[in-house]
Amino acid sequence: MKVQVYPDYESLSRETASIIASYIRTVPDALVCLASGNTPVKTFGFLVDDVKAGRLSIERCTFVSLDEWIGIGPTIEGSCRQMMDRDFFVPLNINQKNIHFFNGVTGDPQKQCDQINELIRSRKGLDIMLVGIGMNGHIAMNEPGTSFDSQAHVGYLAEETKTVGQKYFARQTVLDQGMTLGLGHLAESKLPILMANGKKKATIVARALSEVPSPDLPASIIQRIPQALTLLDADAASDLS
Ligand code: PGA
């Protein structure tokens, strides 16, 4: 695993976008999973600029959902789908047939997980998997205690996630369970990227990178993934020794 630190959120985002764009230029039909949430928003902005300026084509990519809150519909502000639509899929007018996303309100959640597992298996793993890190060390909705081998599954959210997750919603929202890709998917992807910015992530980032890897701290799996990149801004890296 390689750790790279950039001076600020802007340069971190520019570099993350550039790494993703370079991969897609080499593998134009890449199977790509991009996290929603606040961390990658600016990275998406740079990718959108690249595509609009003709420096990058993503027409042949297939996009897979990272996670979704169960009970929250795709158009509700704060759903993972709505965030991805707002920042990436809609600005780029991505063809719906190239998007495979969990739906929080329709369909059988376990069946959706099975289908997405099958898609990823049929493609022999994801090409790119971009994830953030939660304040409790979760990756996507893989909460503490989730096996490092996990595939897509339905899981209960940790109390901290239910509280911190309120930041995405306009009003108090009941969050209880989610559908998520697994930690095994991160380990098996060709280009796994863990991204973090801001002082508030410094403690959990330092723990994830220094403690003995354990499912109690899901993000610590990153130490076990030789091809993984951990990309940080200086604030998020400020507790690293
Ligand atoms: P954030 O979420 O990017 O909004 O900080 C990260 C996470 O909880 O995984």
Side-chain angles (χ1 to χ4, degrees), residues 6 8-10 12-13 15-17 20 33-47 64-70 72 76-88 101-102 104 128-146 148 150 152-153 155-170 173 175-183 185-186 189 192-209 215-222 225 228-239:
Y6 300 92
D8 49 33
Y9 180 56
E10 179 89 11
L12 164 69
S13 303
E15 263 313 296
T16 307
I20 291 170
C33 171
L34 302 173
S36 58
N38 294 338
T39 308
V41 168
K42 217 174 184 89
T43 300
F44 296 160
F46 283 119
L47 286 170
V64 170
S65 178
L66 177 64
D67 53 3
E68 188 57 281
W69 317 101
I70 290 181
I72 311 291
I76 303 292
E77 184 182 339
S79 71
C80 299
R81 178 59 192 258
Q82 183 271 339
M83 290 189 254
M84 288 305 302
D85 277 343
R86 179 193 65 200
D87 298 324
F88 194 77
F101 220 90
F102 294 125
I128 299 168
M129 184 163 168
L130 173 69
V131 299
I133 178 172
M135 295 298 291
N136 66 347
H138 72 202
I139 286 192
M141 293 180 188
N142 293 282
E143 299 289 9
T146 308
F148 280 175
S150 55
H153 62 279
Y156 283 96
L157 302 172
E159 288 306 318
E160 194 169 354
T161 302
K162 295 180 194 176
T163 309
V164 174
Q166 297 302 324
K167 69 181 177 178
Y168 304 119
F169 295 91
T173 301
L175 303 172
D176 185 37
Q177 284 183 281
M179 290 171 270
T180 181
L181 295 196
L183 297 170
H185 287 129
L186 191 68
S189 65
I193 303 173
L194 174 66
M195 188 187 183
N197 71 289
K199 260 268 181 287
K200 68 176 191 295
K201 296 283 175 73
T203 305
I204 196 67
V205 164
R207 286 188 55 207
L209 296 182
D216 293 340
L217 181 43
S220 64
I221 190 178
I222 205 78
I225 310 178
L229 295 180
T230 299
L231 307 180
L232 308 169
D233 74 354
D235 282 342
S238 57
D239 281 1

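Remember, it's 1-based here, ligands and their atoms both numbered in the order they're listed.
Considering CG of N142 and OG1 of T161, their distance stands at 10.5 Å, rounded to 0.5 Å. Separating the OH atom in Y6 from the CG atom in D235 is a distance of 16.0 Å, to the nearest 0.5 Å. The line from CD of E10 to CZ of F46 is 4.0 Å long, rounded to the nearest 0.5 Å.
Taking the salt bridge (charged side-chain N to carboxylate O under 4.0 Å, His left out) definition, one finds that K162 meets it with E159, D176, sequence neighbours left out.
Protein heavy atom closest to atom 6 (C) of ligand 1, with residue, atom name and distance, is I133 O, 3.6 Å. Among protein heavy atoms, the minimum distance from atom 3 (O) of ligand 1 is reached at T39 OG1, 2.4 Å. Atom 9 (O) of ligand 1 has as its closest protein heavy atom H138 NE2, 3.3 Å.
Within the 4.0 Å heavy-atom criterion, the part of K201 lying near ligand 1 is the side chain and not the backbone.
A donor-acceptor pair under 3.5 Å is absent between the side-chain atoms of D8 and the main chain of D233, judged by distance alone.
For K167, the closest heavy-atom approach to ligand 1 falls below 4.0 Å.
For ligand 1 and Y168, the ligand atoms under 4.0 Å from any heavy atom of the residue are 1 (P), 2 (O), 4 (O).
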